[in-house]
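The basis for the numbers below is simple: all heavy atoms, side chains too, and nothing from hydrogens, waters or symmetry mates. Counting begins at 1 with the first residue of the sequence.
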Amino acid sequence: MRSLRIRIYGDDILRAESAEVEKFDGELGELIEKMVETMIVEDGVGLAAPQVGVSRRIAVVNPDPQNPDTLLTLVNPRIRSCSDETDCVEEGCLSVPGIRGRVERPIAIEVEYQDRHGGRHCVKVVGLVSRIMQHEVDHLDGVLFVDRLSFGRKTLVKGRLRDLARKGKRE
Ligand SMILES: [Zn+2]
């Protein structure tokens, strides 16, 4: 199976709000398989559909890439509640290569989502999984982690983002 091309910062699809998934068919299953494959090839811990050019509310998450049992597929995820307690941890993104930065997020969240067959689930997650899920749900709303950096850090990476955007638009 060929992996999908990752869209890079500057590509408009990364800024669009993705559409709800309504049909849970073979085509959805195939897209999810390809997303998982792409996440593994690119060595990521999460991937959202807009990052591979599909504006639909789908994300795959795998906090431990060495362990396929931790893989989770989220269709139409919605964050129901967040802890008041936050932490500030360094993040990166396959769509923003070469740039990392600390982002403050709630430590624990409750997420409602559907699986690839449409079954409904609700999980409480904490720590790394919670952080990855929040990062991926952001993608579905057109938000990137660089939007959430501190003012100082944003200023520092501004030039590099501009370069990325120029390259992303050309591709
Ligand atoms: Zn990302």
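In terms of heavy atoms, Y9 sits closest to R15 at CE1-NH2, 4.0 Å. Nearest heavy-atom pair across C82 and I109 is SG-CG2, 3.9 Å. The shortest heavy-atom contact between V146 and K154 is O-CE, 3.5 Å. Minimum heavy-atom separation, P50 to L140: CD-CD2, 3.7 Å.
Here E136 does not pair with R57 in a salt bridge; the nearest charged N to carboxylate O distance is not below 4.0 Å. A salt bridge links R131 to E91: one of the charged nitrogens lies within less than 4.0 Å of a carboxylate oxygen. In this structure, E90 pairs ionically with R100, as a charged nitrogen and a carboxylate oxygen lie closer than 4.0 Å.
Within the 3.5 Å criterion, the main-chain N or O of A48 finds a donor-acceptor partner in the side chain of Q51. For S95 (side chain) and I8 (main-chain N/O), no donor-acceptor pair under 3.5 Å exists by modelled atom type. A distance-only check finds a donor-acceptor pair linking the side chain of N67 to the backbone of D69 [under 3.5 Å]. In this structure a side-chain-to-backbone donor-acceptor pair under 3.5 Å is present from D25 to L28. Within the 3.5 Å criterion, the main-chain N or O of G118 finds a donor-acceptor partner in the side chain of D115.
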field: Intermediate values then yes/no, side chain to side chain contact (heavy atoms under 4.5 Å, CB included), M39 and L71
entry: CA-CA 11 Å; M39 175 171 65; L71 180 75; 3.4 Å; yes
- request: Decide salt bridge (Lys or Arg N to Asp or Glu O under 4.0 Å) for E27 and K34; before the verdict, give the C-alpha distance in whole Å, the side-chain angles of both, and the deciding distance to 0.1 Å.
  value: CA-CA 11 Å; E27 191 214 331; K34 281 189 192 160; over 6 Å; no
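No donor-acceptor contact under 3.5 angstrom links the side chains of D64 and T70, judged on distance only. Looking only at atom types and distance, the side chain of E104 has a donor-acceptor partner in the side chain of T86 under 3.5 Å away.
Between H117 and F24, the ring center distance fails the sub-6.0 Å criterion.
With contacts defined as side-chain heavy-atom distances shorter than 4.5 Å, the pair E42/I6 qualifies.
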